[in-house]
Number of protein chains: 2
Amino acid sequence: MAARVKKDESPRTPLTPERVVSAAIELADEKGVAKLTMRGLAASLGVEAMSLYYHFANKGKILDAMVDAVFAEVELPAKDDEWKPAMRARAGSLRSVLLDHTWAIALMDSRPDPGLGTITHHDAIIGCLRSAGFSMSLTAHAFSVIDSYVYGFVSQESGLPFQSSEELADVAGGIIESLPVEQFPHFSEMVAAYYLHPEYSFAEEFLVGLDLILDGLERLRAAEVSDGES
Amino acid sequence: MAARVKKDESPRTPLTPERVVSAAIELADEKGVAKLTMRGLAASLGVEAMSLYYHFANKGKILDAMVDAVFAEVELPAKDDEWKPAMRARAGSLRSVLLDHTWAIALMDSRPDPGLGTITHHDAIIGCLRSAGFSMSLTAHAFSVIDSYVYGFVSQESGLPFQSSEELADVAGGIIESLPVEQFPHFSEMVAAYYLHPEYSFAEEFLVGLDLILDGLERLRAAEVSDGES
DNA sequence: CTTGACTTTCTTACATTGTAAGGTTACCTT
DNA sequence: AAGGTAACCTTACAATGTAAGAAAGTCAAG
């Protein structure tokens with residue numbers, strides 16, 4: 001009553017870990033993770049920097065929570081899905097999530113402490129493969145190849161200095177001109193090829209490699225089944 | 001004023017970009033890239049921080065040069081090598097180089113400006129594939145999958161909080177104990193499996209995925225050849 | 001309402017970082 | 001020796017993460 005009717009100075013929504021993390025993600029998405037400072041983050045929440053330290057021990061813990069939140073965004077397979085389309089879908093989802101938060105890959109490398117979202121994620125993937133008949137060790141292999149590929153691909157994709165095909169053509173053109181062509185004939189040829197073929201698509205390239213890997217896994221699984229291994 | 005005949009026993013080897021870069025790499029290898037500061041780097045060269053700015057416009061240029069130097073360490077295939085063992089060898093070499101300089105992966109992601117070492121490297125790989133009969137586009141696919149895989153794999157490998165099998169067992173044991181097993185049955189099972197199988201080897205895991213990819217590429221190449229595509 | 005305990009936020013301060021501006025020394029050529 | 005340039009240094013500053021502790025807000029019981 002009294003408190004309610006008090007002067008409406010501020011909506012005084014209290015700071016919570018969740019609000020901090022989502023503000024941090026928003027800020028990192030916009031300005032890049034390098035611009036994510038304690039003061040800036042606090043300001044975006046209408047608060048002073050040191051207030052954040054009541055909810056997080058240090059900046060690193062905030063980064064951990066951000067990574068975990070990103071993982072939680074990835075679509076997980078339903079229980080009865082076929083393993084191959086399920087893996088295809090989740091790889092695609094992982095790629096798109098990581099592209100939305102390009103800072104996440106770099107953070108994951110440097111913050112190995114897995115959170116709940118991460119573990120939930122991994123559990124679902126492993127479960128899908130196992131119930132599709134993958135042995136323990138083949139599951140481990142599958143997990144390793146797929147994730148390595150996706151991380152590596154997105155890491156390169158998001159690090160390159162262009163996003164659209166036109167930008168690619170520009171960059172490629174620039175490289176060609178400033179390069180001693182006779183010294184790097186193959187590289188030049190390659191760049192030229194994509195300079196002339198600006199319909200190059202990261203999405204297609206991604207699927208080529210992914211399907212190559214999934215087909216390989218299917219073969220390994222078939223071999224395993226015919227061996228009776230478990 | 002006083003005579004300049006001070007203690008001139010210093011061999012006063014002049015600062016060169018090369019010396020700066022190799023000192024920077026050494027420092028990053030030892031203390032981690034986060035501890036690579038201008039002052040620290042200068043001190044390790046017996047010099048003041050601002051002296052570095054005579055040779056490099058800013059810290060970023062030093063980081064670029066470090067990445068390029070790391071790339072130059074990777075073994076390149078000889079011209080007449082079979083493509084498959086050549087790719088296998090260079091992927092292994094790339095992995096070991098990146099493991100020696102774990103900071104390099106993160107830097108590569110954030111510094112897209114390729115240097116001479118990088119281009120030389122790429123040119124050799126492309127040349128090897130092309131002269132093995134790979135079409136332009138299949139070469140691009142091959143390059144993309146292989147590199148994505150290697151980067152992603154090493155990125156995960158070097159980010160994990162253990163190096164040896166014993167440490168793995170320790171970490172796995174710790175995870176098992178502090179985890180609600182019934183909530184993540186598959187994840188727990190997986191961790192337990194490796195807890196009991198401490199002969200797990202990153203090197204082997206790496207080769208499993210790599211060979212899966214190389215076999216897939218061989219199949220694509222065979223299909224291409226029988227199609228007469230170029 | 002007052003009191004006091006507890007939670008949440010803020011103030012101040014400091015060590016570290018990258019680097020701009022300009023000064024100082026060392027070395028080479030004439 | 002003289003002068004010029006290449007190499008290095010001194011000083012200074014703004015921005016960062018965060019330690020220490022003060023202040024404000026919140027709520028239960030007297």
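Numbers restart at 1 for each chain; the letters A, B, ... are given by sequence-line order, proteins then strands.
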Hey, can you pull the donor-acceptor pairs under 3.5 Å for the side chains in residues 23-31 of chain A, sequence neighbours left out?
residue	atom	partner	partner atom	Å
A:D29	OD1	A:H101	ND1	2.8
A:D29	OD1	A:W103	NE1	2.8
A:D29	OD2	A:H101	ND1	2.9

### Message
Any heavy-atom pair between the side chains of B:L52 and B:L15 that's under 4.5 Å?
### Response
yes
Salt bridge flag under 4.0 Å for residues B:R130 and A:E189 | yes
B:L45 CG to D:dC8 P, in whole Å, measures 10 Å
Self-check item: Ring-ring centroid check A:F184 B:H122, cutoff 6.0 Å
Solution: no
Winner on side-chain proximity to B:E48, out of D:dC9, C:dC10, D:dT18, is D:dC9
A:K61 atom NZ is separated from D:dG17 atom C1', nearest whole Å, by 16 Å
A:L15 atom CG is separated from D:dT26 atom P, nearest whole Å, by 14 Å
Looking only at C:dT9, C:dC10, D:dC9, the nucleotide nearest the B:V47 side chain is D:dC9
Whole-Å distance, A:F56 CZ to C:dT8 P, equals 13 Å
Looking only at the aromatic ring of each residue, does the gap between the centers of A:F153 and A:F206 stay below 6.0 angstrom? yes
The helix from C:dC1-D:dG30 to C:dT30-D:dA1: angle between terminal helix axes, five bp per end, to the nearest 10 degrees, reads 10°
Whole-Å distance, B:K59 NZ to C:dT16 C1', equals 11 Å
Rounded to the nearest 0.5 Å, the CD1 atom of A:I126 sits from the OG atom of B:S188 at a distance of 9.0 Å
Result for salt bridge (Lys or Arg N to Asp or Glu O under 4.0 Å) between A:R95 and one of A:E75, A:E157, A:E205 points to A:E157
Rounded to whole Å, the CE-C1' distance (B:M50 to D:dA6) equals 16 Å
Taking C:dT19, D:dT18, C:dT8 as options, the one with an atom nearest any side-chain atom of A:Y54 is C:dT8
Here the distance between atom C1' of C:dA20 and atom CG of B:L52, to the nearest Å, is 15 Å
Measuring only between side-chain heavy atoms, which start at C-beta, is B:L76 closer than 4.5 Å to B:H121? yes
* **N/O (side chain, A:S51) to phosphate O (OP1/OP2, C:dC10) under 4.0 Å** => yes
Side-chain N or O of B:H55 less than 4.0 angstrom from OP1 or OP2 on D:dC8?
yes
Between CG of A:N58 and P of D:dA19 the distance, given in whole Å, is 8 Å
Between the OG1 atom in B:T139 and the NE2 atom in A:H186, the distance rounded to the nearest 0.5 Å is 9.5 Å
Residues in residues 36-44 of chain B with a heavy atom under 4.0 Å of DNA chain C, by number, are B:L36, B:T37, B:M38, B:R39
